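Keep in mind that what you see is a predicted model, and the values were worked out from it rather than measured. The analysis underlying the following values was restricted to heavy atoms, covering all of them including side chains, and did not include hydrogens, waters or symmetry mates. Numbering of ligands and ligand atoms starts at 1, following listing order. This chain uses plain numbering: 1 for the first residue, then up along the sequence.
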Amino acid sequence: MTDTSTVSATKFIAIDGPAGSGKSSVSKAVARTLGYGYLDTGSAYRALAWHVLAQGADTDDAAAVRAAAADFPVRLGLDPDDRTVRVGEADVTEAIREPRVSGAVSGVARVPEVRAQVNELFRALVAAAPYPAVVVEGRDITTVVAPDAPVRILLTAAPEVRAARRAGELAGENAAAVAAALHQRDASDSAVVDFLNAAEGVEVVDSTALDFPQTIDAVLAVIERLQGAHRG
Ligand SMILES: Nc1ncnc2c1ncn2[C@@H]1O[C@H](COP(=O)(O)OP(=O)(O)OP(=O)(O)O)[C@@H](O)[C@H]1O
Ligand SMILES: Nc1ccn([C@@H]2O[C@H](COP(=O)(O)O)[C@@H](O)[C@H]2O)c(=O)n1
């Protein structure tokens with residue numbers, strides 16, 4: 001078994017940011033371009049929220065969340081072209097994106113034991129990854145999961161721009177309700193970890209005025225520069 005405490009942080013490309021900032025779509029595109037793996041850490045929290053709800057429990061009940069986490073056979077891949085997420089034999093890839101799960105996920109994310117458990121999973125996945133590096137995106141990757149990674153990026157955009165992009169994805173949903181849900185989730189999540197301000201040494205990429213290809217290029221440029229500096 002891999003000792004994750006000794007895994008070189010150099011395998012992490014750490015990207016954090018608020019909901020709808022483009023973390024998943026941009027990270028996936030960057031991973032494809034560089035031939036790296038891709039890890040969507042939010043999908044683990046979402047899968048656990050799904051697991052809690054599937055048991056008829058409430059994610060605001062920390063004891064129920066801990067009990068569900070104690071028997072949580074989640075399976076995540078690192079292939080940027082395969083987002084499949086399983087809990088046991090159940091394929092939950094689509095279900096974990098449903099608004100009922102998005103609305104419940106902050107409950108599991110605020111349980112410290114859960115965070116410690118999934119962080120170990122993330123480090124183990126990266127340590128065993130058959131890729132030279134893995135683009136790992138979430139909320140606390142730059143600060144808690146891989147604070148020593150040579151490349152750490154905070155990907156952000158103005159709240160109204162993020163809300164508009166997310167509403168554009170969810171055709172048929174009420175735009176104001178989508179925006180309110182996104183801001184509510186950020187408010188809950190940012191009480192647990194700070195992903196709205198860059199920690200020391202973390203590079204900010206603000207995509208407010210950038211289109212999607214420009215954002216990918218901006219992130220690739222930061223990676224190239226920081227990897228170059230790290231190699232010396
Ligand atoms: N620079 C950009 N310009 C235009 N659209 C963008 C840009 N970046 C991302 N998007 C779009 O914004 C939407 C939200 O992006 P994405 O799902 O990657 O965000 P996220 O940060 O992973 O969100 P969440 O944390 O809620 O999962 C997607 O439809 C994506 O294609
Ligand atoms: N490193 C992380 C990643 C995610 N979360 C929690 O999971 C939720 C879903 O994440 P998405 O990236 O899919 O939006 C998010 O709202 C957080 O509650 C986290 O705490 N830490």
Short version for Asp140: what comes under 4.0 Å of ligand 2, heavy atoms counted, is both
ask   = If we only count N/O pairs under 3.5 Å, is Lys23 in contact with ligand 2?
value = no
of all protein heavy atoms, closest to atom 13 (O) of ligand 2 is Arg46 NE, 2.7 Å
Going by the 4.0 angstrom heavy-atom rule, the piece of Arg139 near ligand 2 is both
Any atom of ligand 2 sitting under 4.0 Å from a heavy atom of Arg115?
yes
**Message:** Applying salt bridge (charged side-chain N to carboxylate O under 4.0 Å, His left out) to Arg110 and Asp189, what does each step give before you reach the verdict?
**Reply:** CA-CA 8 Å; Arg110 74 173 72 99; Asp189 291 340; over 6 Å; no
Test item: Asp194 and Thr143 side chains (from C-beta on) under 4.5 Å apart, heavy atoms
no
Students should find that the hydrophobic cluster of Leu220, defined by side-chain heavy atoms under 4.5 Å apart, otherwise consists of Ile13, Ile15, Val26, Val30, Leu34, Tyr36, Val135, Val151, Ile153, Leu155, Val205, Phe212, Ile216, Val219, Val222, Ile223, Leu226
When distances are taken from atom 10 (O) of ligand 2, the protein heavy atom at minimum range is Gly42 CA, 3.4 Å
Discussion item. For ligand 2 and Thr41, I'd like to know whether there is a polar contact (N/O to N/O, distance under 3.5 Å).
Written reply: yes
> Under 4.0 Å between a Lys/Arg side-chain N and an Asp/Glu carboxylate O for Arg225 and Glu203?
Replying inline: yes
| said: Check Arg162 with Asp206, please: is the shortest side-chain N to carboxylate O separation under 4.0 Å? | reply: no
The salt bridge (charged side-chain N to carboxylate O under 4.0 Å, His left out) partners of Arg86 (sequence neighbours excluded) come to none
When rounded to the nearest 0.5 Å, the distance separating CZ of Phe12 from CG of Asp148 is 10.5 Å
A student comparing Leu182, Asp189, Asp186, Val118 should find that the heavy atom closest to atom 18 (O) of ligand 2 comes from Asp189
Closest to atom 7 (O) of ligand 2 by heavy-atom distance, out of Tyr45, Phe195, Phe122, is Tyr45
Distance filter under 4.0 Å, heavy atoms only, around ligand 1 gives Pro18, Ala19, Gly20, Ser21, Gly22, Lys23, Ser24, Ser25, Arg139, Arg165, Arg166, Glu169, Arg185, Ser207, Leu210, Asp211, Phe212, Thr215
Exercise. Hey, does Glu137 come in under 3.5 Å of ligand 2, counting only N/O atoms on both sides?
Worked result: no
A student checking ligand 2 against Ala109 at a 4.0 Å heavy-atom cut-off should list atoms 6 (C), 18 (O), 20 (O)
Residue, atom and distance of the protein heavy atom nearest atom 14 (O) of ligand 2 read Arg185 NH1, 2.8 Å
Original post:
Under 3.5 Å, is there a donor-acceptor pair between the side chain of Asp16 and the main chain of Leu154?
Top reply: no
Test your reading of the structure: does Asp40 have an N or O sitting under 3.5 Å from an N or O of ligand 2? no
Donor-acceptor check, side chain of Lys23 to backbone of Asp40, threshold 3.5 angstrom: yes or no? no
Numbered in order shown, the ligand 2 atoms found under 4.0 Å of a heavy atom of Val105 are 7 (O), 8 (C), 16 (O)
**Check ion pair Asp140-Arg115 (N to O, under 4.0 angstrom)** = yes
Before giving the answer on side chain to side chain donor-acceptor pair (under 3.5 Å), spell out for Arg185 and Ser190 the whole-Å C-alpha distance, their side-chain angles and the decisive distance to 0.1 Å. CA-CA 8 Å; Arg185 189 150 61 92; Ser190 60; over 6 Å; no
Side chain to side chain donor-acceptor pair (under 3.5 Å) filter on Arg139, not counting sequence neighbours, yields none
Review point. Does the side chain of Leu196 come within less than 4.5 Å of Pro18's, by heavy atoms?
Key: yes
